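Right, one structure below, let's go through it.
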Amino acid sequence: MENTEKEKHWEKVYQTKNFTEVGWYQKIPTLSLSFFEEMEIPKNAQVLDVGGGDSYLVDHLLELGYTDLHVLDISGKAIEKAQVRLGENASKVSWIQSDVLQFEPQVKFDVWHDRAAFHFILDQEEIEKYAQIAHKCLSENGLMFIGTFSDTGPTHCSGLPVTQYSIEKLTQVFSLYFQKINCFHTDHITPSGVKQHYTFCSFRKIGK
Ligand SMILES: C[S@@+](CC[C@H](N)C(=O)[O-])C[C@H]1O[C@@H](n2cnc3c(N)ncnc32)[C@H](O)[C@@H]1O
């Protein structure tokens with residue numbers, strides 16, 4: 001899928017659907033928040049939520065006292081919706097409208113978070129590029145927390161095909177650049193009651 005097509009697709013999704021109507025909706029991103037707690041991520045860590053959309057993760061992290069939050073998404077409409085929801089607090093977050101595969105950050109991040117965005121990348125070279133970009137964007141010992149549909153999960157999301165990942169496959173994709181910390185499977189229940197099987201992994205960056 002061409003970049004502009006991708007962008008158009010996601011703009012349309014966010015223009016036509018409310019957050020609570022989309023399959024990935026979760027009121028409280030419990031697993032992501034547990035990662036921050038378990039890894040004892042400091043409140044001044046530079047955190048990037050990749051494909052953050054209008055997820056509530058940023059609201060919760062702000063409430064917990066995180067001060068250096070960045071949300072990247074290909075959809076400007078998603079970012080706008082999150083900003084409107086956050087009101088005055090939106091100015092405490094840095095917002096980046098970009099395809100993650102084109103992302104060239106000016107700063108290094110301590111945490112790379114991605115729930116349900118990476119799995120839309122289908123092309124093997126682009127999958128590898130994503131891993132390289134994540135590695136390049138993170139500071140030394142930087143952490144990644146990533147969630148995708150599992151190998152027994154859905155094959156599509158939001159009308160687009162996805163790459164499914166077993167724990168082994170997800171670990172393998174990042175193995176050149178990241179050391180596995182922990183992986184697990186979980187079921188997400190969509191607002192319409194459908195069970196979706198996910199794979200989640202946390203990784204630590206290898207090298208500089
Ligand atoms: C399934 S939604 C998940 C949103 C959010 N992470 C959550 O858990 O609620 C996927 C998100 O990834 C974004 N996205 C898809 N492909 C992307 C890309 N190549 N670069 C940046 N964002 C992308 C979409 O616009 C959308 O907001």
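Quick caveat: nothing in here was measured; it's all calculated off a predicted structure. Whatever order the structure lists them in is the order used to number ligands and atoms, beginning at 1.
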Proximal ligand 1 atoms for [X], defined as those under 4.0 Å from one of its heavy atoms:
X     : answer
Gly53 : 27 (O)
Ser55 : 5 (C), 7 (C), 9 (O)
Leu72 : 21 (C)
Tyr14 : 25 (O), 26 (C), 27 (O)

For [atom], which candidate among [options] provides the closest heavy atom?
atom                    : options                      : value
atom 22 (N) of ligand 1 : Asp49, Ile74, Leu160         : Ile74
atom 21 (C) of ligand 1 : Ala82, Ala117, Ser98         : Ser98
atom 11 (C) of ligand 1 : Ser32, Gly51, Cys157         : Gly51
atom 24 (C) of ligand 1 : Tyr56, Phe103, Phe120, Trp10 : Trp10
atom 9 (O) of ligand 1  : Tyr25, Phe118, Trp24, Tyr130 : Trp24

Taking atom types as modelled, is there a side-chain donor on Ser158 or His9 under 3.5 Å from an acceptor on the other?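 Side chains of Ser158 and His9: pair found under 3.5 Å.
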Does any donor atom in the side chain of Thr148 or His119 lie under 3.5 Å from an acceptor atom in the other side chain?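 No - no donor-acceptor pair under 3.5 Å links their side chains.
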Quick one: look up the protein heavy atom nearest [atom] and list residue, atom name and how far away it is.
atom                    : result
atom 8 (O) of ligand 1  : Arg115 NH1, 2.6 Å
atom 20 (N) of ligand 1 : Val100 N, 2.9 Å
atom 10 (C) of ligand 1 : Ala116 O, 3.2 Å

Is the ring centre of Tyr165 less than 6.0 Å from the ring centre of Phe149?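 Distance test on ring centres: not under 6.0 Å, no.
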Distance flag, aromatic centroids of Phe120 and Trp10, threshold under 6.0 Å: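 Yes: the rings meet the under 6.0 Å criterion.
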Between Asp99 and ligand 1, does any nitrogen or oxygen pair lie at a separation below 3.5 Å?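 Such a contact does occur with ligand 1.
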Is the shortest N/O to N/O distance between Ser75 and ligand 1 below 3.5 Å?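 It does not: no N or O of Ser75 is found under 3.5 Å from an N or O of ligand 1.
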Yes or no: does Ala78 have any heavy atom under 4.0 Å from an atom of ligand 1?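 Outside the 4.0 Å threshold, so no.
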Report yes or no: does a heavy atom of Asp73 sit under 4.0 Å from some atom of ligand 1?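 A heavy atom of Asp73 does come that close to ligand 1.
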Between [X] and [Y], is any pair of side-chain heavy atoms under 4.5 Å apart?
X      : Y      : answer
Ile41  : Tyr66  : yes
Tyr177 : Lys205 : no
Asp49  : Asp73  : no

Is the shortest side-chain N to carboxylate O distance from Glu126 to Lys129 below 4.0 Å?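 No salt bridge links Glu126 with Lys129.
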According to a hydrophobic-cluster definition based on side-chain heavy atoms being under 4.5 Å apart (Ile, Leu, Val, Met, Phe, Trp, Tyr only), do Leu101 and Phe174 belong together?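 In one cluster: yes.
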Qualifying residues under side chain to side chain donor-acceptor pair (under 3.5 Å), relative to Asp54, sequence neighbours excluded: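 So Asp54 forms no side chain to side chain donor-acceptor pair (under 3.5 Å) with any residue.
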Residue part near ligand 1, for Ser158, under 4.0 Å between non-hydrogen atoms: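 Ser158 to ligand 1: no contact under 4.0 Å from either part.
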Part of Leu57 within contact of ligand 1 (heavy atoms, under 4.0 Å):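 It is neither; nothing of Leu57 touches ligand 1.
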Does Arg85 make a cation-pi contact with Tyr56 (under 6.0 Å, within 45 degrees of the axis)?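 Positive - Arg85 is close enough to the ring of Tyr56 and near enough to its axis.
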